[in-house]
Amino acid sequence: MARCRLCGSEAEHYLPYARLWICSRCFVERFFPNRIRRTVEAYKMLEGSEKVAVAVSGGKDSAALLHSLKEAFPTLRLIAIHLNLGIQGYSEEAQRSVEELCRSLNVELEVYDLKAEEGFTIGDFKATRYGRKLCAVCGVVKRRRLAKIAGRLGVDALATGHNLDDTVESLLAAFTGGDFQQLVRLKPVLPAQPPFPKKIKPFHRTPEREALLYAEILGLPFNRRRCPHVSGSRSLRGKSLLDLWEAEEPGFKYRLLAAFERLIPLLEPSVAQPEYTYCRVCGLPSSQPLCADCKRIEALKRVLNRGQN
Ligand code: SF4
Ligand code: ZN
């Protein structure tokens, strides 16, 4: 019987990259929150922050993020933000899970219902020229609204549940696609762009399967349904390939992250970042005169108007 390296009791989990046997209790009470604390401190994520918004999708990552931030930083004031994307058979369950989670943690919750607020859902974009890459549209829609709501709430930072697997996959995709502008933007802390607050990724060094393990051991409510639009997404394929590599070579994802973190400061001075201006439609910070969000909404409106004629 394997013993937990931290307390000596029976171990239930093995983390190959660390060659560590650990029991459930030490994993949720010590190992997991300690890594978040160290990540937050290493990247100075919460410096000068008292009030932090946490984007909660209803999935395992954000459930684990909200819970572990509360554990690791008990004096921090947290506000959860949930976007209901109006995806049938998925969004209802996601919102229910978030409401249950926030109730149990006694965390204030702000819900933004896309259909009720703006009259469209993510699925409506299928009819536009962006419809073949629905996850990319969804990413823009979510990013923009989360930042906007967080700005309105006057928080010092917006935390998202992007984990190690998300980051390494995005870094690799940007690198192999030669998109160095995007590569140098994939940092765990992005400075504020008023009215948008600073963005932070406390799970930068947390593997996805450990966020799931944390949520499962603690029985956190989260949405187990898969979004019907996820199949075929590029990031999912990339993550599966990285999982194969990790299984062959434990620690591979961490090594890749470390290599990129050494590369980015070298690349940064030679990669010009776009000048920020303000979108002529919504008035919010944008690298283009018409922001990516407004551009997609205009395309959607054109399709919807055609349907009404
Ligand atoms: Fe949005 Fe794609 Fe995630 Fe579905 S799978 S919620 S469409 S990003
Ligand atoms: Zn805009």
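Just so you know, ligand 1 is whichever comes first in the structure, and atom 1 is the first atom listed for that ligand.
Under a 4.0 angstrom heavy-atom cut-off, Arg226 registers as lying outside contact with ligand 1.
Salt-bridge annotation for Glu216 and Arg224: present, with a side-chain N of the basic residue lying under 4.0 Å from a carboxylate O of the acidic one. A salt bridge is defined here as a Lys NZ or Arg NE, NH1 or NH2 lying under 4.0 Å from an Asp or Glu carboxylate O, and Asp293 with Arg145 meets this definition. Between Arg96 and Glu93, at least one side-chain nitrogen of the basic residue sits less than 4.0 Å from a carboxylate oxygen of the acidic one, meeting the salt-bridge criterion.
Those atoms of ligand 1 with a heavy atom of Cys138 less than 4.0 angstrom away are 1 (Fe), 6 (S), 7 (S), 8 (S). Near His229, the atoms of ligand 1 lying under 4.0 angstrom from a non-hydrogen atom of the residue are 7 (S). Residue Val230 approaches ligand 1 through these ligand atoms, each under 4.0 Å from one of its heavy atoms: 5 (S).
Within the 6.0 Å centre-distance limit, the rings of His67 and Tyr214 are counted as a close aromatic pair. Two rings, from Phe203 and Phe32, have their centers less than 6.0 Å apart.
In terms of protein heavy-atom proximity, atom 3 (Fe) of ligand 1 is nearest to Lys142 NZ, 3.9 Å. Of the protein's non-hydrogen atoms, the one nearest atom 4 (Fe) of ligand 1 is Cys227 SG, 2.3 Å.
Within the 3.5 Å criterion, the main-chain N or O of Gln88 finds no donor-acceptor partner in the side chain of Ser91.
Counting heavy atoms closer than 4.0 Å to ligand 1, residue Cys135 contributes atoms from both its backbone and its side chain.
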